[in-house]
Amino acid sequence: MHSSSKFRVIQWATGGVGKAAIECVQNHPDLELVGCWVHSAEKDGVDVGQIVGTAELGVTATIDADQLLATEADCVMYSPLIPNDDEVIAILRSGKNVVTPVGWVYPDLSNPRVQAIADAAVDAGVTLHGSGIHPGGITERFPLMLSSLSSAVTHVRAEEFSDIRTYNAPDVVRHIMGFGGTPEEAMQGPMASLLEAGFKQSVRMIADVMGFRIDPNIRTLQEIAVATGDIDYEPVPITKGTVAARRFRWQAIVDGEPVITAAVNWLMGGENLEPAWNFGEQGERFEVEITGDPDVSITFKGLQPQSIAEGLQRNPGVVATANHCVNAIPYVCPAEPGIKTYLDLPLIAGRA
C-alpha cells in the first residue's frame, strides 16, 4: 500500500551508483522504492533485492521503459552509463521528477537540447536536478559555501586526488581513460571532452555566483605521467613508458590569470611514475581552497576507499554520488517545475 507521506522512487539502471541509490532509498524514512529499470535481459523480472545483494524488496526490475513510465511514482533517480536526452524527456513528460548524477549540474539554457529538457519539465509540472560529487558538489557547491567565510577572493580551487586502481571498470580505465596505452593515444582520446562538459559547468557556476568576469573560453590543461617500470594492476598491464597517471585542469581566466580551477589527478598508485607525482602526505582526498581574506581550505576524506580491494567491492565515492542525488529527492519533488540546480533549492540534508 502506498503511504502518501513517502515519495515514490523509480531507480533507472543498477550499476555501482544505481545499487547505492537503492540502498539510500531503503535507508531514507521519506522515500519508497516502487520500480527499477535494468539494461540487461538477465536482470529482467528479478527482485531488486537480489540485484543489490539484500533480502527481497518486493520490487521487480524490468527492461520495459514504457511499463515504468506508466507506473505511479514521484521521482526517477536516473543513472545510466550514458545519458539519453530523449529518455529523460520521456520520463519528465510522464509526470515524474528526475534526480541524476550524469549531467545538468549547471546547464546552459541557450543550448537547444538543454532547453528542450527544461520545456518538457515545465510542461509536465516536474523538476530535473543534476547532482553528484565531482562535478556536483566538491567543484561548486562546497567552494561556494566555503567562500562565504572569506572576502576579496582572488582564486577558487577544487581538486581530486584519486588512485584509479580502485575504479571498477577496467575497459573504461584502458580504452576511455587511456591508462596502459601511449601518451599520444591518451592525449587524443575522448577523456578530456567527456569530462569537460561537467567541469566547465562547475567553473561557470562559481564565476556567475561570485561575480568573476571571466574570459568566455575556459582553459583545459592535461598532463600525463608514464610508468618507470611495470605497475601492479591486474585488469590492464601497465608497462614501462605507458600512461600511468593523468591530470586535468579547467581554469577560468581573468586578465590572463586563473581565478577558478577545477582539477582531477588520477594515479595508478604513487610509485614508479615519471614525472614523480604522488598523493602527498594527506593521501587520496578532495580539496577545496579559497584564496582571499582569509585563505580558507577544506580537505574531504572518506570519499576514496581504504584499499584497492575495498574500492572494487563498494567505492565510497560512488556511494556518496548516489546519496547526494537521492537525499535531494524530498526537496526536488516540491520544487518549481523546470531544471533546478542547488542554487534554486533549499539546503539539502541526509537523514538519520
Side-chain angles (χ1 to χ4, degrees), residues 16-17 81 101-102 132-139 157-200 202-203 220-251 261-288 299-312 315-321:
V17 171
L81 201 53
V102 292
I133 59 171
H134 195 76
I138 302 282
T139 43
R157 176 178 64 88
E159 190 156 9
E160 172 187 3
F161 299 85
S162 290
D163 189 328
I164 212 65
R165 293 177 298 177
T166 64
Y167 188 71
N168 195 7
D171 286 351
V172 175
V173 170
R174 173 64 192 89
H175 298 292
I176 297 184
M177 296 182 178
F179 286 91
T182 68
E184 296 73 35
E185 282 170 1
M187 291 297 270
Q188 286 158 15
M191 202 65 230
S193 60
L194 285 172
L195 293 172
E196 78 173 9
F199 285 101
K200 285 184 175 179
S202 298
V203 169
T220 302
L221 302 170
Q222 52 171 325
E223 299 167 85
I224 280 174
V226 297
T228 55
D230 293 356
I231 290 176
D232 183 26
Y233 176 62
E234 210 173 294
V236 177
I238 309 291
T239 54
K240 185 176 177 178
T242 64
V243 174
R246 302 198 68 173
R247 178 183 285 161
F248 299 91
R249 282 199 191 100
W250 295 271
Q251 293 180 328
T261 302
V264 174
N265 301 268
W266 287 337
L267 283 64
M268 284 274 170
E271 291 162 12
N272 304 337
L273 298 176
E274 171 60 45
W277 300 347
N278 59 47
F279 295 118
E281 56 194 34
Q282 286 189 295
E284 293 180 79
R285 64 198 180 280
F286 290 84
E287 285 179 354
V288 172
T299 302
F300 293 79
K301 296 290 280 186
L303 296 174
Q304 283 108 345
Q306 295 292 321
S307 68
I308 293 171
E310 183 191 311
L312 297 180
N315 189 312
V318 170
V319 175
T321 298

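FYI, the numbering just counts along the sequence from 1.
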Rounded to the nearest 0.5 angstrom, the CD-CZ distance for E287 and F161 is 4.5 Å

N265 vs W277 side-chain heavy atoms within contact, under 4.5 Å: no

Do T220 and K200 come within less than 4.5 Å of each other through their side chains, counting heavy atoms only? yes

Close side-chain approach of W266 to F179, heavy-atom, < 4.5 Å:
yes

Notebook entry, point to check: Hey, does the side chain of Q251 reach the backbone of T261 with a donor-acceptor pair shorter than 3.5 angstrom?
Noted result: no

Under 3.5 Å, side chain of K301 to main-chain N/O of Q282, donor-acceptor pair present? yes

### Message
If we ignore hydrogens and angles and just use 3.5 Å, is the side chain of R246 paired with the main-chain N or O of M191 as donor and acceptor?
### Response
no

V17 and P101 have their tightest heavy-atom pair at CG1-CG, 4.0 Å

Distance-only criterion, 3.5 Å: show the donor-acceptor pairs between side-chain atoms of residues 267-276 and protein atoms not counting sequence neighbours.
none

**Item:** Note, P237 side chain near D230 side chain (heavy atom, < 4.5 Å)
**Value:** no

Exactly one of F300, W250, F286 clears ring-ring contact (aromatic ring centres under 6.0 Å, His included) with H134, and that residue is F286

Practice item. Using a 4.5 Å cut-off on heavy atoms from C-beta on, say whether the side chain of D163 contacts that of F279. Key: yes

Closest non-hydrogen atoms of Y233 and P170, given as atom of the first, atom of the second and distance, are OH-CA, 4.2 Å

